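The structure appears right after this line, and notes come after that.
All figures in this text were calculated on a predicted structure; none of them were measured in a lab. When a ligand or atom number is given, it counts from 1 through the structure's own listing order.
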Amino acid sequence: MIAIAERINGQFLDVKAAIADKDPAPVVELAKKQTEAGAAYLDINVGTAAADQQDAIKWLVETAQGAVETPLCLDSQKPDVIKAGLQVCDTSRGVLLNSTPLDKKSDPEVLDKYVEMANASGGSIIALTMNVEGVPQNVDNRVAIAAEIITKCMELGMTPDRLFIDPIILPVNVPGAQEQPDNILAAIDQILLMSDPPPHITMGLSNLSQGTTKRSLINRTFLAMAISHGCDSAIIDVLDEPLVDVVATAEMLMNKQIYSDSFLKAYRSMAGGRR
Ligand code: THG
C-alpha cells in the first residue's frame, strides 16, 4: 500500500492557522509524525481558506520537505497551484501531482497540464474519475472516464505505472449515496483490467466517513475491502493506528507481505519500499 498521509491540509484548523501565521512548528511536527507512522508520501493541500494559494503551497512544501526526506504529494485541483509547489519542490525524491479530473468546463486541457508537469519532473499523477459533468454516480461512467484518462496519459507518454486513478469516494451518509462504496469496488475491478501494467488505484479514504459517528471503523473496513479488490494506495490518516494495522493485515492476507509473528511491526518499518 502506497500510503499518502492526509494531515498537512488547510482543511484542519491547526494547519490553517499555521499557514496564516507562517508558523512552521505544527507542519514540521506533522511531517515527522506521519513519516514515522510509515507515510510513503505527504499530501500537501493548502485548503480553500489561504489568501494566496500559490504562496501558501510554496511555504508548505519548503517547510515539510525541510523537516523530513519523505516525498510530497502536491494536492490541488488548480494547475497553477501545483506549478507553484513544483517550483520549490525537491522532485529528486519523487513527487505525486494530485488531483486532476479528465476535463472541466473552465479548463478542457487540465489533465494534459498535470501530465506535462509530471513528465517534466519525473513524477506521477493522481487523476479523478470525474469530467465536465462532475462525479459519476454509477459504475459504468466511472469506468468509461478511467479508460479515457488511461488513453490520454498513454498518448502523452505517461505509462500506467506513473498513473494513479481515484474513483472518488464521497460521504456514505449522504442520502442516496449509500450504494457508491460498492460501485467503487466494482469500478476498481474493471479499471485494473484496462492496461498491463495496470494503473495504481488510490482514494481520499476519510471522505467516506465525514459526518458519521464511527469514522475510523468505517474507514478501515472499507479500506480492507478496497485492498481485496486491488486498491494499492490511499490518502489516509496514517496516525490512526487501527487503520494502519488493517492495511498491514489486509496486505498480508492478500499475500502482498509475508506472514511473520511480527508482521505489523515489519510493515511499519518498510514505508520507503512502498513508493
Ligand atoms: N481524492 C484525492 N485527493 C484528495 C481527496 C480525494 N485530497 C483531499 C481529500 N480528498 C483527502 N484528504 C482528507 C483530509 C481530511 C478529511 C478528509 C479527507 C477530513 N477532515 C475533517 C472533516 O472534514 O471532518 C476535518 C475536520 C477537522 O479539523 O478535524 O475528514 O478524495 N485524490
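Sorted by chain and number, the residues within 4.0 Å of ligand 1 by heavy atom are E6, N9, Q11, F12, D75, N98, S99, I126, L128, D166, G204, S206, N207, Q210, R215, I235.
Under the 4.0 Å criterion applied to side-chain N and carboxylate O atoms, R7 and D14 are assigned as salt-bridge partners. Using a cutoff of 4.0 Å between basic side-chain nitrogens and carboxylate oxygens, K33 and E29 are scored as salt-bridged.
The shortest non-hydrogen separation linking A5 to Q34 is CB-OE1, 3.2 Å. Residues Y114 and Q77 approach most closely at OH-C, 3.2 Å, considering heavy atoms.
Atom CG in L253 sits 7.0 Å away from atom CZ in F263 (nearest 0.5 Å).
Among pairs with a residue in residues 172-221, those fulfilling ring-ring contact (aromatic ring centres under 6.0 Å, His included) read F164-H200, at least two apart in sequence or across chains.
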